[in-house]
Participant: 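Below you will find the structure I want to go over with you.
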Amino acid sequence: MPRITYIEYNGTEHTVDVPVGKSVMQGAIENNIPGIDADCGGECACATCHVYVDEAWLGLVGLPTPGSQEASMLSFAAVTQPDSRLSCQINVTQAMDGLIVRMPEGQH
Amino acid sequence: MSDQSRHIVIVGGGHAGGSAAAVLRQLGWQERITIVGEEPLLPYQRPPLSKQWLSGEATEETLWLRPEKFYADATIDTRLGLRVTRIDRAAKTVTLSDEVMLTYDYLILATGARPRKLPLPGSDLHGVLELRTVADAEALKAALTQGARLAVIGGGYIGLEAAASAKSLGAEVTIIEREARVLARVACPLLSEFFETFHRDRGAVIEVNAQVAGLEGEGGRITGVRLGDGRVIPCDAALIGVGAVPNDELARDAGLSCDGGIVVSLEARTDDPAIFAIGDCTRRPLPLYDRMWRLESVPNALEQAKQAASAICGKPGPAPEVPWFWSDQYELRLQIAGIPFDATDIAVRGSVAEGKFALFHLGADGTVLAVEAVNASMEFMGGRRIIQRRKKLSRAQIEDMAVSMQQLAA
Ligand SMILES: Cc1cc2nc3c(=O)[nH]c(=O)nc-3n(C[C@H](O)[C@H](O)[C@H](O)COP(=O)(O)OP(=O)(O)OC[C@H]3O[C@@H](n4cnc5c(N)ncnc54)[C@H](O)[C@@H]3O)c2cc1C
Ligand code: FES
């Protein structure tokens, strides 16, 4: 099973197994990792599952398609960066074993 | 954990109660937590019940707020299928429906709301449904076979969402609304009109200004809805969606202050310092609008869960949020930020005809109070920021599509 590392804003790291097919958001929620709120439960309606994708993984994970629902939601999420994604829109694949994502200072 | 460790009892294992337990552990509460929940299920999300559940895209497991394993790992004791029947504030105990008594140091009331009942002749007929729980959603799903006729009594969000899901499953749908328009309590006339047209175009029949006089049946099964004007709308099932009433009786019996919901502070605390209340059962302050209000939404349940958990753990509470909500009907995504209390003007940004627009509700001084966005997430997100900052904008500025949302929100 792919292992994903979530790094809280304060630097606390959480490395957990996330089954293929789940989203990066679900991996955080199911392990009760602080820093991802996911108010809408993965419907791309809230932007409270915002993460920064580690540089080394950006190529594999990719950026939101311009003009997509995710891109619109992210345009006003708290403290966005060029490597911002909504974690409910990243589906975990076997190739993501080792993925590192960081959480922003806040989700609201 | 010793027996001396402090104990938080959460009454109600819904979205608010389940989230409070999870957030308490995130904030470092290491002592005992017990959730007492009347439903036999682990805390789950209700929004998919009128949407993905009916279409078969959701399962009980995908509804769960947290997987089963979480509660064991986090040593959260769940007592499911049990009600709390009494609170003794002096002794700091609650009594459960199985007569077990639990002692608490902090009590969190997260009892939610229940569907309002209509005192109608025929309400007990088979096929008369409501929609709040998984059990309700299962009954509705079973009724939505190809060609089945569903009457939806009440044109609120849940009714309209269920109507859209039912149509998509091949059922015939009639929406019966007492007011002159659907969403009368919760949306502006322009938005109501847009949704009416959309649902009609998809083949739903909408009866407005329609009083329901009774439900007709044969052999114990519903056969139709009788209207005030004598007409009967034939149906195989009727979904009653006429709003919800807060479950605040337990709190009232315990002498806590209630006013159509349990009255709480911005820490989600009741007038008993050891008792908190969160979610649909509360009447809470809305700092942005300077009044007390009862919200029925997931974001509100989560915000109050954080407020209560922070207060108990002695951490600073979350910054007050702009209230918001979403609703999915067919391919429409409605996102609402803020509440248009005392709004005097509406600016329309985007194209209503193309089904991609946002309505900005303005106060007399131009302050943006609320944004209702249809397939317009950028406007919703920007609107939320504008409302948070109490920004003033003119109608002309908002309606000018040459001005970007970034510029408007700056
Ligand atoms: C069909 C449907 C669709 C929805 N769609 C959306 C949406 O799209 N977006 C959105 O933001 N919101 C939506 N909502 C609203 C949202 O689900 C609620 O706001 C949310 O569930 C409130 O959480 P809560 O914990 O306060 O109440 P609930 O989730 O209702 O949980 C309360 C629980 O407490 C239990 N309980 C009550 N009394 C007792 C007692 N004495 N002892 C023990 N247990 C007790 C109840 O059985 C219940 O399980 C929807 C609701 C429904 C029903
Ligand atoms: S969980 Fe709401 S947008 Fe990702």
Side-chain angles (χ1 to χ4, degrees), chain A residues 1 6-10 12-14 16-19 21-23 25-50 64-80 84 86 88-89 91 103-108, chain B residues 15 19 21-28 44-48 51-52 58 62-71 73-74 76 297-303 306 318-322 324-328 333-335 373 375-386 388 404-406 409:
Chain A
M1 214 185 286
Y6 299 80
I7 307 178
E8 286 183 64
Y9 187 72
N10 67 15
T12 312
E13 291 191 15
H14 307 260
V16 296
D17 293 329
V18 185
K22 295 237 174 185
S23 68
M25 175 279 279
Q26 284 170 313
I29 292 296
E30 296 193 350
N31 291 285
N32 204 28
I33 296 172
I36 290 187
D37 289 350
D39 289 9
C40 75
E43 290 298 303
C44 203
C46 71
T48 65
C49 62
H50 175 196
T65 320
S68 65
Q69 170 85 1
E70 182 185 354
S72 308
M73 290 300 295
L74 266 174
S75 55
F76 286 98
V79 284
T80 44
S84 286
L86 293 180
C88 68
Q89 303 302 306
N91 279 321
M103 272 81 98
E105 185 172 5
Q107 293 285 2
H108 290 273
Chain B
H15 216 124
S19 301
V23 176
L24 280 163
R25 287 290 184 241
Q26 288 183 5
L27 293 180
Y44 63 89
Q45 318 174 53
R46 297 183 201 281
K51 311 173 185 101
Q52 296 92 331
T62 63
L63 291 184
W64 281 339
L65 286 184
R66 296 284 189 295
E68 203 163 9
K69 179 174 164 302
F70 163 74
Y71 299 90
D73 291 353
I76 294 167
S297 72
V298 164
N300 171 62
L302 294 176
E303 184 185 22
K306 283 183 223 159
E321 243 191 277
V322 176
W324 71 275
F325 185 77
W326 80 96
S327 172
D328 291 328
R333 156 145 306 163
L334 170 67
Q335 289 166 298
N375 290 349
S377 291
M378 190 93 91
E379 274 66 22
F380 164 72
M381 289 296 287
R384 221 156 68 159
R385 179 171 300 180
I386 290 168
Q388 183 87 55
S404 72
M405 268 320 287
Q406 266 77 8

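Letters A, B, ... mirror the listed sequences (proteins, then strands); counts begin at 1.
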Participant: Which heavy atom of A:A47 sits nearest to which heavy atom of B:M381, and what is that distance?
Facilitator: CB-CE, 3.5 Å
Participant: Which answer fits B:P47, side chain, backbone, both or neither, if we ask what part of it has an atom under 4.5 Å from a heavy atom of chain A?
Facilitator: neither
Participant: Given heavy-atom pairs under 4.5 angstrom as the criterion, report whether the side chain, backbone, both or neither of B:K69 touches chain A.
Facilitator: neither
Participant: Hey, are the side chains of A:F76 and B:M405 touching, using non-hydrogen atoms and a 4.5 Å cut-off?
Facilitator: yes
Participant: Nearest 0.5 angstrom please: B:D73 CG to A:E30 CD, how far?
Facilitator: 11.5 Å
Participant: Is the number of heavy atoms from other residues, nucleotides or ligands within 6.0 Å of CD (B:E68) greater than 12?
Facilitator: no
Participant: What distance separates B:F380 CZ from A:M73 CE, expressed to the nearest 0.5 Å?
Facilitator: 5.5 Å
Participant: For chain A, find which of B:A409, B:P67, B:A301 contributes the most heavy-atom pairs closer than 4.5 angstrom.
Facilitator: B:P67
Participant: Applying side chain to side chain contact (heavy atoms under 4.5 Å, CB included) to B:Q406 and A:S75, what does each step give before you reach the verdict?
Facilitator: CA-CA 8 Å; B:Q406 266 77 8; A:S75 55; 3.6 Å; yes
Participant: What is the distance from atom CG of A:N32 to atom OH of B:Y71, rounded to the nearest 0.5 Å?
Facilitator: 9.0 Å
Participant: Working to the nearest 0.5 Å, report the span between CZ of B:R66 and CD of A:Q26.
Facilitator: 11.5 Å
Participant: Which distance, rounded to the nearest 0.5 Å, do you find between the CD of B:Q45 and the CG of A:D39?
Facilitator: 10.5 Å
Participant: For A:A45 versus B:W324, what's the shortest heavy-atom pair and its separation?
Facilitator: O-CZ3, 3.6 Å
Participant: For B:D328, which atoms come within 4.5 Å of any heavy atom of chain A: side chain, backbone, both, or neither?
Facilitator: side chain
Participant: Atom CZ of B:R384 and atom NE2 of A:H108: how far apart are they, to the nearest 0.5 Å?
Facilitator: 7.5 Å
Participant: For A:I33, is it the side chain, the backbone, both or neither that has a heavy atom under 4.5 Å from a heavy atom of chain B?
Facilitator: backbone
Participant: Would you call B:R333 and A:E43 a salt bridge, using N to O less than 4.0 angstrom?
Facilitator: yes
Participant: Give, as side chain, backbone, both or neither, the part of B:L27 having an atom under 4.5 angstrom from any heavy atom of chain A.
Facilitator: neither
